[in-house]
Amino acid sequence: MVYKESLSRRAFHVVNVIVLSAITLMGFLPFVHLLAVSLSSNTYASAGEVTLWPKGFTTNAYQYMSENAAFFESLVVSLKRVAIGTVVNMLLVVMTAYPLSKENAKFQFRTVYVWFFAITMFFGGGLIPTYIVVKETGLLDSIWALVLPGALNVWYTVMLLNFFRSVPKDLEEAAIIDGAGHWSLIWRVYLPISIPAIATVLLFTVVGHWNSWFDGILYMNSPSNYPLQSYLSTLITAINVQIISVDSLAALQDLGEKTLRTAQIFMGALPIMIVYPFLQKYFVKGIVVGSVKE
């Protein structure tokens, strides 16, 4: 049977393709512009004559970055933060979501804990109390100041909790009959069939740690401990003489601030652009199933 689409249906498809293509270009073109500016000479970049194609092609900005120790130090801090922070966050989210996904009959104080976590979603201590807590616990100027304050994301927990609830009860009961305890249920039953939700939370966590910049400036006393986004923020908002040497300032004048900044911003966003396509396919299923309320 051949299905013939109506005229209005075809018009909807055409409009849909046009709108989605326009939205895709709006997200993609800024990165093309950044790359073009970073590969252009200072004369054209400063004059604002570069759009989507380099003018006065040069790779001096990337050569300068390859010799810039501060950039690579901040890159190492960011990689360390993503690695440690992602492991800590995922463990806490899974360990919290699993018991909260059980019925009240199996977890007596489940409702109390749910209210406790829900309140933290709407009310926070504020900037100064949070800073005092981090300072008094001796976390200042350490990688743990970037990891522990936001180690448990309640929104991710709720999303994973709802995904766990969609796991067939028969599967859990069969595993219990075979002698599985709670740890075995988590690692051998729930996690293997929750890959879309896990991948979604994983990507949100990685992107969150990678893009976070304010806590680095707030909790790090030494610029050498800045994560990459904090380091880039200091370059974009103002030249921080503590992290740029006299030789670097001279080279910066020859190179051009705009060219260098765009090159560093592009390099800072590049790892996420590489990782995103591999996990994006899990987004729809992970978010839709995780948002279903029973």
Side-chain angles (χ1 to χ4, degrees), residues 1-39 48-55 82 86 89-90 93-94 97-98 100-101 103 114 117-118 121-122 153-172 174 189-212 229 262 265-294:
M1 178 179 179
V2 179
Y3 176 75
K4 186 176 181 180
E5 290 186 334
S6 63
L7 183 60
S8 59
R9 186 72 178 176
R10 292 181 182 177
F12 170 76
H13 285 164
V14 172
V15 172
N16 203 16
V17 170
I18 293 174
V19 171
L20 291 178
S21 299
I23 294 174
T24 302
L25 287 175
M26 289 172 64
F28 182 69
L29 290 182
F31 291 103
V32 177
H33 174 69
L34 279 177
L35 181 61
V37 174
S38 67
L39 293 174
E49 297 180 2
V50 182
T51 53
L52 301 178
W53 193 257
K55 288 187 176 181
V82 170
T86 301
N89 283 35
M90 293 304 296
V93 168
V94 171
Y98 174 74
L100 294 182
S101 67
E103 298 82 3
V114 169
F117 288 119
M121 294 178 67
F122 304 105
N153 188 299
V154 180
W155 189 80
Y156 298 162
T157 304
V158 172
M159 191 170 71
L160 197 58
L161 176 158
N162 285 298
F163 199 98
F164 283 167
R165 285 183 173 179
S166 67
V167 175
K169 300 302 177 187
D170 295 341
L171 195 62
E172 179 179 345
V189 177
Y190 279 83
L191 292 186
I193 60 178
S194 303
I195 290 179
I198 296 293
T200 303
V201 173
L202 179 68
L203 184 55
F204 284 165
T205 303
V206 170
V207 172
H209 276 295
W210 185 264
N211 287 338
S212 184
Q229 303 304 331
T262 52
I265 292 171
F266 182 81
M267 289 299 294
L270 187 60
I272 294 300
M273 289 191 290
I274 294 174
V275 172
Y276 192 86
F278 293 101
L279 296 177
Q280 190 273 340
K281 62 181 179 181
Y282 296 110
F283 266 18
V284 175
K285 187 176 180 181
I287 292 179
V288 171
V289 178
S291 64
V292 174
K293 307 294 186 299
E294 294 182 354

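If you read the sequence from its start, that first residue is 1, and numbering goes on from there.
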Name all residues meeting the side-chain hydrogen bond (donor to acceptor under 3.5 Å, both in side chains) criterion together with [X]; count only those two or more places apart in sequence or in a different chain, and write none if there are none.
X      : value
Glu172 : Lys102, Tyr190
Ser194 : none
Ser212 : Arg81, Asp215
Ser8   : Ser6

The criterion is side-chain contact (heavy atoms from CB on, under 4.5 Å); which residues satisfy it with [X], sequence neighbours excluded?
X      : result
Ser101 : Leu161, Phe164, Arg165
Asn16  : Phe12, Leu20
Val15  : Val19
Val114 : Leu100, Arg110

Kindly say whether Leu52 contributes a backbone atom to a donor-acceptor pair with the side chain of His33 at under 3.5 angstrom?
no
Heavy-atom closest pair, residues Ala197 and Leu160
CB-CD1, 3.7 Å
Can you see which heavy atom on Glu49 is nearest to which on Lys55, and at what distance?
O-NZ, 3.2 Å
Got a second to check how far Leu34's CG is from Leu29's CG, nearest 0.5 Å?
11.0 Å
Does the side chain of Val93 come within less than 4.5 Å of Thr205's, by heavy atoms?
no
